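Quick note: numbers below take in every heavy atom, side chains included, and nothing from hydrogens, waters or symmetry partners. Being a predicted model, the structure only gives us computed values, none of them experimental. Along the sequence shown, residues carry numbers from 1.
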Amino acid sequence: MLFSFSPKYRTYELAIFILLILSMLAILLIIPTPNLFDPLSNIGSHGLGWLSRSAGSPMFLLTSAIFCSIPILKRLPIKKIGALYVQFAILLVLSLALKIGVKAITEIPRPYTQALVQVDLIDSPENFYALSESNKDILITQVENIVSPARIEQWRSGMNYSFPSGHTIFAAICVLFWGGFLLRHKHYLLTFLVLTWGIGVGLSRIWLGMHWPTDLMASIISASLLILCVPTISFDKEPIINN
């Protein structure tokens, strides 16, 4: 097994990173901050819910499987496919560990806890995190009649802290790694679709009340650092040419 940290293997990932972070930043500066008590249309509710679930547990497994089918469809040699899978798996494990560790250290409340303060259900976001899981769920139930179901579903599934966004880290890893792979092989339309999906995942977390814009930006930067830290892997004896 061969490893390489050579910058020339990161050119495409860097290009995707620049596109991703600049696009996300531009959209976040343009769109207004969502009012979590505003109703969502059926299309908006289903669309945001699908985007969010596609990068969360357990649906991220299906999303990963779809991305992992790319080198198979490209009919790459088995060793190259295996090398890609190992590298992608390492990135996912590291991103999970990073997310858990940073959340435990920063303990930043999720945006929807501020909404619960607005309707006088709690005095502060810190009060929410002092409750047991069952009492948090009861509290969220009290706003079911004034909050869209898609938001309520996400609030119940994410009662931990906000920073960074695990969904966005996963999406960014996929965009940088597989988007870079597609760009390297000149599949520009597929690269654009993957990039659009990644941006959509991040924005869905904002509109569902699960994350702050800073969570998204930090997650994208974290994913890019992980991409740089994990070497390109090859099971060939010859020097590495492609990922």
Side-chain angles (χ1 to χ4, degrees), residues 24 27-28 31-64 92 95-96 99-100 102-104 106-119 121-122 124-175 196-220 222-223:
M24 187 72 80
I27 293 173
L28 289 174
I31 64 172
T33 302
N35 182 340
L36 300 182
F37 295 111
D38 284 345
L40 294 171
S41 66
N42 286 334
I43 294 178
S45 183
H46 288 302
L48 292 172
W50 176 83
L51 284 167
S52 187
R53 287 191 295 272
S54 70
S57 181
M59 284 296 293
F60 82 95
L61 294 172
L62 176 59
T63 302
S64 297
L92 293 185
S95 65
L96 176 62
K99 178 200 75 170
I100 294 173
V102 175
K103 280 183 185 290
T106 56
E107 295 188 349
I108 295 176
R110 292 188 183 272
Y112 73 78
T113 61
Q114 295 282 3
L116 298 177
V117 172
Q118 291 177 30
V119 292
L121 287 178
I122 50 176
S124 69
E126 289 72 24
N127 294 149
F128 177 81
Y129 290 99
L131 299 173
S132 65
E133 292 293 306
S134 58
N135 285 334
K136 289 177 183 175
D137 189 79
I138 292 171
L139 197 65
I140 292 172
T141 300
Q142 295 182 48
V143 293
E144 280 185 329
N145 294 331
I146 57 175
V147 176
S148 296
R151 287 182 170 134
I152 292 295
E153 175 191 345
Q154 291 299 315
W155 296 5
R156 283 201 169 109
S157 66
M159 298 181 186
N160 57 352
Y161 291 103
S162 181
F163 184 91
S165 168
H167 287 65
T168 307
I169 287 181
F170 169 75
I173 289 289
C174 292
V175 170
T196 302
W197 167 77
I199 293 171
V201 169
L203 294 179
S204 74
R205 305 302 287 166
I206 295 280
W207 278 81
L208 291 172
M210 299 301 288
H211 286 288
W212 307 99
T214 49
D215 299 345
L216 270 59
M217 303 307 290
S219 297
I220 294 172
S222 298

Enquirer: Just by distance, with hydrogens left out, do Ser132 and Asn135 show a side-chain donor and acceptor under 3.5 Å apart?
Expert: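 Distance-only check passes for Ser132 and Asn135.
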
Enquirer: Counting only N and O atoms by type, is there a donor-acceptor contact under 3.5 Å from the side chain of Ser219 to the main-chain atoms of Pro164?
Expert: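 No, Ser219 side chain to Pro164 backbone: no donor-acceptor pair under 3.5 Å.
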
Enquirer: Side chains of Pro109 and Ser162: does their closest heavy-atom pair fall under 4.5 Å?
Expert: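 No. Closest side-chain heavy atoms not under 4.5 Å.
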
Enquirer: Heavy atoms, side chains only, cut-off 4.5 Å: are Val119 and Ile146 in contact?
Expert: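 Val119 vs Ile146: side chains touch.
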
Enquirer: How about Met24 and Leu203: do any of their side-chain heavy atoms sit closer than 4.5 Å?
Expert: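 Yes, at least one pair of side-chain atoms sits under 4.5 Å.
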
Enquirer: Report yes if some heavy atom in the side chain of Gln154 is under 4.5 Å from a heavy atom in the side chain of Ser52; otherwise report no.
Expert: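 Result yes, sub-4.5 Å side-chain heavy-atom pair found.
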
Enquirer: Are Ile108 and Trp212 packed together at the side-chain level, in the sense that at least one heavy-atom pair is separated by less than 4.5 angstrom?
Expert: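 They are in side-chain contact.
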
Enquirer: For Leu139 and Gln142: C-alpha separation, side-chain torsions, deciding distance, then whether side-chain contact (heavy atoms from CB on, under 4.5 Å) applies.
Expert: CA-CA 5 Å; Leu139 197 65; Gln142 295 182 48; 4.0 Å; yes

Enquirer: For the pair Ser54 (side chain) and Leu51 (backbone), establish whether a donor and an acceptor sit closer than 3.5 Å, ignoring hydrogens and angles.
Expert: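 Side chain of Ser54 to backbone of Leu51, a donor-acceptor pair under 3.5 Å: yes, one is there.
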
Enquirer: Indicate the atoms forming the closest heavy-atom contact of Arg110 with Asn160, along with that distance.
Expert: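 Looking at all heavy atoms of both residues, the closest pair is NH2-OD1, 2.5 Å.
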
Enquirer: Does any part of the side chain of Ile169, heavy atoms only, come nearer than 4.5 Å to the side chain of Ile220, both counted from C-beta?
Expert: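 Not touching, per the 4.5 Å side-chain cut-off.
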
Enquirer: Using the six-membered ring wherever Trp is involved, compare the ring planes of Trp155 and Tyr112 and label them parallel, tilted or perpendicular (cut-offs 30° and 60°).
Expert: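 Judged by the thresholds at 30° and 60°, the geometry between Trp155 and Tyr112 is parallel.
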
Enquirer: Hey, could you give me the CH2/CE distance between Trp50 and Met59, rounded to the nearest 0.5 Å?
Expert: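 One gets 8.0 Å once the value is rounded to the nearest 0.5 Å.
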
Enquirer: Tell me the salt bridge (charged side-chain N to carboxylate O under 4.0 Å, His left out) pairs involving residues 196-206, sequence neighbours left out?
Expert: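 Every candidate salt bridge (charged side-chain N to carboxylate O under 4.0 Å, His left out) pair involving residues 196-206 fails, so no pair, neighbours aside, qualifies.
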
Enquirer: Nearest 0.5 Å, what's the CZ-CG distance between Arg53 and Leu208?
Expert: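 Interatomic distance, Arg53 CZ to Leu208 CG, rounded to 0.5 Å: 9.5 Å.
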
Enquirer: Do Glu144 and Arg151 sit within salt-bridge range, that is, some charged N less than 4.0 Å from a carboxylate O?
Expert: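 Salt bridge: no.
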
Enquirer: Rounded to the nearest 0.5 Å, what's the gap from CD1 on Ile206 to OG1 on Thr168? Could you check?
Expert: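 Rounded to the nearest 0.5 Å, the CD1-OG1 separation comes out at 8.0 Å.
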
Enquirer: Do any N or O atoms from the side chain of Ser45 and from the backbone of Asn42 form a donor-acceptor pair under 3.5 angstrom?
Expert: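 The answer is no, because no donor-acceptor pair under 3.5 Å joins these two groups.
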
Enquirer: How long is the straight-line distance from OG of Ser165 back to NZ of Lys103, given to the nearest 0.5 Å?
Expert: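 One finds 6.5 Å between NZ of Lys103 and OG of Ser165.
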
Enquirer: Relative to each other, are the rings of Tyr129 and Tyr161 parallel, tilted or perpendicular (30° and 60° limits)?
Expert: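 Rings of Tyr129 and Tyr161: parallel, as their planes differ by under 30°.
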
Enquirer: So, taking the atom named OG1 in Thr141 and the one named NZ in Lys136, what distance separates them when rounded to the nearest 0.5 Å?
Expert: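 Between Thr141 OG1 and Lys136 NZ, I get 14.0 Å after rounding to 0.5 Å.
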
Enquirer: Flag yes if more than 12 heavy atoms outside Ile43 fall under 6.0 Å of its CD1 atom; otherwise flag no.
Expert: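 No, CD1 of Ile43 has 12 or fewer neighbouring heavy atoms, counting only those of other groups under 6.0 Å.
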
Enquirer: Is any side-chain heavy atom of Ser64 closer than 4.5 Å to one of Phe170?
Expert: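 Yes, at least one pair of side-chain atoms sits under 4.5 Å.
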
Enquirer: How close do Gly198 and Val175 get, heavy atom to heavy atom, and via which atoms?
Expert: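 Taking Gly198 first and Val175 second, the nearest heavy atoms are CA-CG2, 3.7 Å.
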
Enquirer: Roughly how far, to the nearest 0.5 Å, is CG of Leu131 from CG of Asp137?
Expert: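 Interatomic distance, Asp137 CG to Leu131 CG, rounded to 0.5 Å: 11.5 Å.
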
Enquirer: What heavy-atom pair brings Cys174 and Trp197 nearest, and what distance separates the two atoms?
Expert: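 In this case the closest contact between Cys174 and Trp197 is CB-CZ3, 3.8 Å.
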
Enquirer: Check whether any side-chain heavy atom of Leu36 sits under 4.5 Å from a side-chain heavy atom of Trp207, and report yes or no.
Expert: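 Sidechains of Trp207 and Leu36: no contact.
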
Enquirer: Counting only heavy atoms not in Asp38 (residues, nucleotides, ligands), do more than 12 fall under 6.0 Å from its CG?
Expert: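 Enclosed.
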
